[in-house]
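Remarks on the structure that follows.
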Amino acid sequence: MFATLTAFFGAWSQFAFRKLRGRETVLAEIELGLSIESVRETTIQCGRYSAQGDGRRNAAVAMGCLSVLLFVVGFWAAFASIK
């Protein structure tokens with residue numbers, strides 16, 4: 001279950017980072033004069049997507065560590081029960 005959650009949060013973080021990259025591209029276009037979008041709003045969106053991506057990545061790392069820990073505990077218990 002935790003391995004599945006790890007994959008889910010990892011993929012979900014990549015969606016946020018992809019949105020962030022899109023907004024960074026818009027900021028570059030604004031600087032070049034190719035876009036008329038609001039700099040302020042685009043910067044706010046960049047911060048939001050960055051925070052979402054970081055939070056989801058941290059959740060993925062935590063779930064991954066918990067998954068490995070539970071695997072080791074289960075492996076140890078199974079190995080110790082062999083006679």
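Both backbone and side-chain heavy atoms feed into the values below; hydrogens, waters and symmetry mates do not. Along the sequence shown, residues are numbered consecutively beginning with 1.
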Seminar exercise, completed: Excluding Trp76, membership of its hydrophobic cluster (Ile, Leu, Val, Met, Phe, Trp, Tyr; side-chain heavy atoms within less than 4.5 Å) reads none
Side chain to side chain contact (heavy atoms under 4.5 Å, CB included) partners for [X], two or more places apart:
| X | value |
| --- | --- |
| Ala60 | Phe9 |
| Phe8 | Trp12 |
| Asp54 | Phe17, Ser50, Arg57 |

Exercise. Can you name the nearest heavy-atom pair linking Gly53 to Ser13, along with the distance?
Worked result: O-CB, 3.6 Å
Ignoring hydrogens and angles, write down the donor-acceptor pairs under 3.5 Å from the side chains of residues 24-33, residues two or more places apart or on other chains.
unit_1: Thr25; atom_1: OG1; unit_2: Arg21; atom_2: O; d: 2.9

Problem set entry | Nearest-0.5 Å distance that lies between atom CD in Gln52 and atom NZ in Lys19 | 6.5 Å
Solution key, residues 36-43 side-chain donor-acceptor pairs under 3.5 Å, sequence neighbours excluded:
unit_1: Glu37; atom_1: OE1; unit_2: Arg23; atom_2: NH1; d: 3.1
unit_1: Ser38; atom_1: OG; unit_2: Arg40; atom_2: N; d: 3.4
unit_1: Ser38; atom_1: OG; unit_2: Glu41; atom_2: N; d: 3.2
unit_1: Thr42; atom_1: OG1; unit_2: Ser38; atom_2: O; d: 2.7
unit_1: Thr43; atom_1: OG1; unit_2: Val39; atom_2: O; d: 2.7

For this session: Decide whether Leu70 and Phe75 are clustered together by the hydrophobic rule: side chain heavy atoms of Ile, Leu, Val, Met, Phe, Trp, Tyr closer than 4.5 Å, transitively.
Result: no
Problem set entry | Whether over 12 other heavy atoms sit under 6.0 Å from Arg18 CZ | no
Problem set entry | Heavy-atom donor-acceptor pair, Thr6 side chain to Gly64 backbone, under 3.5 Å | yes
